[in-house]
Amino acid sequence: MENFDRISIQEISKRDMLMIVKALEYTGEKTNIDSFLSLKDSILKQLCSLAETTEEEFLYYLEK
């Protein structure tokens, strides 16, 4: 197996990305483990930065 430090999200569909974000949010809220919410926020922040948009606009984009 090849070692890598980063993973590309190029091949993840909008639907799958939305599911990942929602799953992190749900798990963080239900378990009270802040790491899940922090990871969700970090992913959204980076994606919004790449897309040059707000979190609300990006989530709307994933949902449509």
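Below, all heavy atoms of this structure are taken into account, side chains as well, without hydrogens, waters or symmetry copies.
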Side-chain atoms of residues 45-52: list all donor-acceptor pairs with protein atoms under 3.5 Å, sequence neighbours left out, distances to 0.1 Å.
| residue | atom | partner | partner atom | Å |
| --- | --- | --- | --- | --- |
| Gln46 | NE2 | Ser42 | OG | 3.3 |

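Residue Ile20 holds its CD1 atom at 10.0 Å from CG of Leu62, rounded to the nearest 0.5 Å. Once rounded to the nearest 0.5 Å, the distance linking CG of Leu18 with CZ of Phe58 reads 9.5 Å. In this structure, CG on Asp16 lies 12.0 Å from NZ on Lys14, to the nearest 0.5 angstrom. Between the OG1 atom in Thr31 and the CG atom in Leu37 there is a gap of 7.5 Å [rounded to 0.5 Å].
Met17 is listed as a side-chain neighbour of Ile43, based on a closest heavy-atom distance under 4.5 Å. Within the 4.5 Å cutoff, no side-chain heavy atoms of Tyr61 are placed close to those of Thr53.
Under a hydrophobic-cluster definition in which Ile, Leu, Val, Met, Phe, Trp and Tyr are linked whenever side-chain heavy atoms come within less than 4.5 Å, directly or via other members, Leu59 and Ile12 are assigned to the same cluster. Put simply, Leu44 and Met19 are part of two different groups of oily side chains (I, L, V, M, F, W, Y) that touch within less than 4.5 Å, one to the next.
Of all heavy-atom pairs spanning Leu24 and Phe36, the tightest one is O-CB, 3.5 Å.
For residues 20-42, the salt bridge (Lys or Arg N to Asp or Glu O under 4.0 Å) pairs, not counting sequence neighbours, are Lys22-Glu63, Glu25-Lys40.
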